[in-house]
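Data first, discussion second: the structure below is written as structure tokens.
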Amino acid sequence: MIEQVKGTQNISNDDSLKYLYIQSLFLNKFGDYGYKYIQTPLLEYKELFDKSIGESSEIVTKQMYELTDKGGRELVLRPEGTSSIVRYHSEFNKDTTNKYSYFGSMFRYENPQKNRYREFNQAGVEIVGLIDEYSDFQIINDSYNFINELIPDTKLKVNTIGSISDREKYVKVLYDYFINNKDKLSQESIEKLENNTLRILDSNNTDDLEIIKSAPKINDFINAKSQKSFSLILNNLNSAEISYEIDESLVRGLDYYNDLTFEFATSNNVVIGGGGRYDNLAEILSLGKFKGVGVAFGVERIMNNISIPENYTKYYLLGTDVKNLTKYSKMLDQHNINYNKPARLSKANSQFKEAKKQNVMYLINTDEDTIKNLITNETEDFSIEVILEH
RNA sequence: GUGAUCGUAGCUCAGUUCGGUUAGAGCGCCUGGUUGUGGUCCAGGAGGUCGCGGGUUCGAAUCCCGUCGGUCACCCCA
């Protein structure tokens with residue numbers, strides 16, 4: 001027995017319906033909003049993510065699917081979408097400002113569990129180029145509208161992490177503080193001290209929380225321009241009547257963010273999407289000087305938190321004679337009427353049972369030349385007019 | 001990377017503790033009949049390398065080791 005690759009998925013049955021529902025809502029909505037859909041490769045040079053996500057982050061150090069191709073190139077299966085969009089923008093649209101959307105598989109080598117898979121789908125949008133606080137607001141506003149149509153009680157958390165140099169200063173002070181309290185920290189947090197000091201703030205260990213409570217706050221290190229920018233965004237959210245919560249511990253997993261960071265979570269605190277501003281990403285990658293802001297949603301995490309009504313076929317074409325079946329098919333096809341039919345010429349009783357199982361509404365019996373309403377059990381002679389009246 | 005738990009028919013599972021003749025059930029599927037205003041019922045049938053590999057044994061679904069996969073949690077994150 002050949003089993004599936006660990007952490008990959010077969011999206012089937014109810015999940016396929018959810019997947020397609022989310023995908024089409026996403027494409028329609030952001031298409032209308034003016035975001036251009038682009039599909040970048042699943043394979044990228046490893047270097048792209050080493051530099052962008054941050055060489056000390058777990059995604060880069062432990063979670064990338066790396067491979068060397070026959071030409072000796074170091075490639076990875078993409079772990080996220082933003083870096084590819086930035087690469088694309090610099091290659092084809094540098095010096096312009098664009099709104100992009102993408103939807104597809106990402107790969108991270110981690111142990112799978114609920115809401116976390118090795119191959120998973122992200123739906124994301126980005127505004128790249130010359131941008132301002134209105135761009136930040138737009139990303140939040142548009143994605144807020146999108147996600148609330150799927151999960152109405154989604155919570156929005158926002159924060160500002162200041163400029164990169166603000167953050168460097170803050171991390172130094174924070175590091176000193178934690179070093180002085182090292183003996184009270186959990187083992188995991190101590191391990192993060194050297195390379196990931198900021199992420200200690202994310203800890204949910206109860207002992208850590210005590211220390212974190214009185215740790216220096218990033219707010220005291222944020223420069224005036226960043227603070228002004230943040231309050232501008234908050235004002236915009238207020239006037240759009242988008243409810244949010246400021247979460248000063250909101251430090252996102254990717255190093256390229258500055259100033260605005262935000263997250264969407266369900267009422268039971270499953271993070272289903274997040275994003276922020278990345279003014280230096282292009283420069284870090286030596287791709288130019290343009291800025292960006294974006295958001296990405298975990299499609300599976302949305303799927304795990306919605307239920308959608310089932311979609312039933314209306315008609316079922318029953319019959320045991322190919323000539324009759326073909327005649328009816330042709331008639332229905334010509335009128336653009338969709339219908340289900342048996343996969344093979346099984347006996348009429350099996351087909352009848354199949355139609356009932358699929359919850360179809362009308363059974364067209366080509367053997368008897370009748371159409372039957374399976375809910376009321378009324379049968380009448382078949383004619384195309386009967387169907388056109390439905 | 002760490003830990004827990006599971007893996008027997010298409011599906012849900014019994015059998016594994018205390019190893020022993022051709023590995024079972026329900027549902028589903030197929031065939032024939034019955035019903036015929038059809039979804040019922042009856043009879044028969046197909047379908048299993050017991051996740052995979054090795055070991056112990058006269059003998060392994062059952063015991064031991066390894067491995068792959070599912071689920072869940074930690075870490076981390078979407």
Side-chain angles (χ1 to χ4, degrees), chain A residues 1-10 12-13 22 53-54 56-64 78-82 102-124 143 147 154 186-192 195-196 198-200 202-205 208 250-255 261-266 269-276 294-305 316 318 342-360 363 365 367-368 370-380:
Chain A
M1 182 76 167
I2 298 170
E3 290 164 319
Q4 72 191 82
V5 174
K6 187 170 186 163
T8 60
Q9 309 177 73
N10 303 295
S12 60
N13 304 323
I22 294 165
I53 298 174
S56 60
S57 75
E58 286 225 349
I59 294 177
V60 166
T61 54
K62 298 177 187 166
Q63 300 182 347
M64 287 212 284
R78 62 178 186 188
E80 60 108 36
T82 302
Y102 62 90
F103 193 106
S105 287
M106 306 294 162
F107 301 83
R108 291 184 199 174
Y109 193 93
E110 321 173 70
N111 271 342
Q113 67 185 63
K114 191 175 179 69
N115 291 317
R116 196 181 67 187
Y117 312 92
R118 287 188 173 183
E119 179 181 9
F120 61 102
N121 288 276
Q122 279 193 344
S143 51
I147 198 61
T154 302
S186 70
Q187 193 52 45
E188 291 95 46
S189 291
I190 289 170
E191 281 166 23
K192 281 183 225 162
N195 291 323
N196 275 311
L198 262 185
R199 285 186 199 113
I200 296 176
D202 275 341
S203 171
N204 21 9
N205 178 298
D208 287 350
L250 181 57
V251 182
R252 297 198 36 78
L254 311 168
D255 277 1
T261 58
F262 62 95
E263 263 180 14
F264 291 101
T266 63
N269 293 317
V270 178
V271 175
I272 49 177
V295 63
F297 288 97
V299 176
E300 287 78 3
R301 291 190 176 183
I302 298 174
M303 282 162 65
N304 288 340
N305 284 285
Y316 192 95
L318 175 150
R344 66 186 183 94
L345 292 180
S346 50
K347 63 176 184 178
N349 198 33
S350 301
Q351 292 184 30
F352 184 85
K353 275 157 76 174
E354 175 70 12
K356 291 300 293 190
K357 203 167 74 185
Q358 308 241 350
N359 275 311
V360 303
L363 184 75
N365 188 326
D367 289 348
E368 294 176 357
T370 57
I371 177 164
K372 176 173 187 170
N373 183 322
L374 289 176
I375 292 152
T376 63
N377 275 336
E378 285 169 51
T379 309
E380 57 184 314

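We name chains A, B, ... by the order of the sequence lines, and we start the count at 1 in each one.
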- Task: Scan Lys62(A) against the nucleic acid and name what it touches under 4.0 Å (heavy atoms): base, sugar-phosphate only, or nothing.
- Result: nothing

- Note: Leu318(A) and Gln351(A) closest approach over all heavy atoms is CA-OE1, 3.3 Å

- How close or far is atom C1' of G10(B) from atom CG of Asn13(A), stated in whole angstroms? 12 Å

- Side chain of Asn365(A) (C-beta onward), nearest among G38(B), C72(B), U37(B): G38(B)

- Select one nucleotide: of U2(B), C72(B), G38(B), the one nearest the side-chain heavy atoms of Asn111(A). U2(B)

- Task: Could you check whether Phe120(A) and the base of A78(B) form a stacked pair, meaning centres closer than 5.5 Å and planes differing by less than 30°?
- Result: yes

- To the nearest Å, give me how far apart CG (Leu198(A)) and C1' (C77(B)) are. 16 Å

- Which one, C77(B), C75(B), G38(B), comes nearest to the side chain of Arg108(A)? C77(B)

- Could you work out which one of G38(B), A73(B), A78(B) sits closest to the side chain of Glu368(A)? G38(B)

- Is the backbone of Ala265(A) close enough, under 3.5 Å, to the side chain of Asn269(A) for a donor and an acceptor to pair up by distance? no

- Query: Heavy atoms under 4.0 Å, any strand shown: does Gly7(A) hit a base, just sugar-phosphate, or nothing?
  - Reply: sugar-phosphate

- Query: Which part of the nucleic acid, if any, lies within contact of Asn115(A), taking any heavy atom under 4.0 Å across all strands shown: a base, the sugar-phosphate backbone alone, or nothing?
  - Reply: base

- Task: Describe the nucleic acid contact of Glu58(A) in one word from base, sugar-phosphate, nothing, applying a heavy-atom distance below 4.0 Å.
- Result: sugar-phosphate

- Can Asn115(A) and Glu300(A) be counted as having a side-chain donor-acceptor contact under 3.5 angstrom? no

- Message: With heavy-atom distances below 4.5 Å as the criterion, would you say the side chains of Tyr109(A) and Lys62(A) are in contact?
- Response: no

- Task: Ignoring hydrogens and angles, answer whether the base of G39(B) and the side-chain atoms of Glu354(A) contain a donor-acceptor pair closer than 3.5 Å.
- Result: no

- Task: Look at all strands and tell whether Lys356(A) reaches a base, only sugar-phosphate, or nothing, counting heavy atoms closer than 4.0 Å.
- Result: base

- Message: Does Gln4(A) reach a base, just sugar-phosphate, or nothing at all? Heavy atoms under 4.0 Å.
- Response: sugar-phosphate

- Query: What is the distance, rounded to the nearest whole Å, between atom CD of Gln113(A) and atom C1' of G69(B)?
  - Reply: 17 Å

- Nucleotide of G28(B), C72(B), G51(B) approaching Lys114(A) most closely (side-chain heavy atoms): C72(B)

- Consider the side chain of Ala348(A), meaning its heavy atoms from C-beta on, and name the nucleotide among G28(B), G38(B), G39(B) that approaches it most closely. G38(B)

- Can you check the Gln9(A) CD to A78(B) C1' distance for me, whole Å? 12 Å

- Message: Roughly how many Å apart are U57(B) and C63(B), using the C1' atom of each and rounding to a whole number?
- Response: 10 Å

- Message: Tell me if the side-chain of Glu263(A) makes a donor-acceptor pair with the base of A78(B), cut-off 3.5 Å, by modelled atom types.
- Response: no

- Query: Does a distance-only test, which skips hydrogens and angles, find a donor-acceptor pair under 3.5 Å between the side chain of Arg116(A) and the base of C72(B)?
  - Reply: no

- Query: Which of the following nucleotides, U37(B), G69(B), C30(B), is nearest to the side chain of Ser350(A)?
  - Reply: C30(B)

- So what does Glu300(A) touch, heavy atoms closer than 4.0 Å: a base, only the sugar-phosphate, or nothing? nothing

- Could you check how far CG of Leu345(A) sits from P of U31(B), rounded to whole Å? 11 Å

- Tell me which nucleotide among A78(B), C29(B), U34(B) gets nearest to the side chain of Asn349(A). U34(B)

- Output the single nucleotide from G39(B), A78(B), U31(B) whose closest atom is nearest the side chain of Arg344(A). U31(B)

- Message: So Phe297(A), base contact, sugar-phosphate only, or nothing? Heavy-atom distance under 4.0 Å.
- Response: nothing

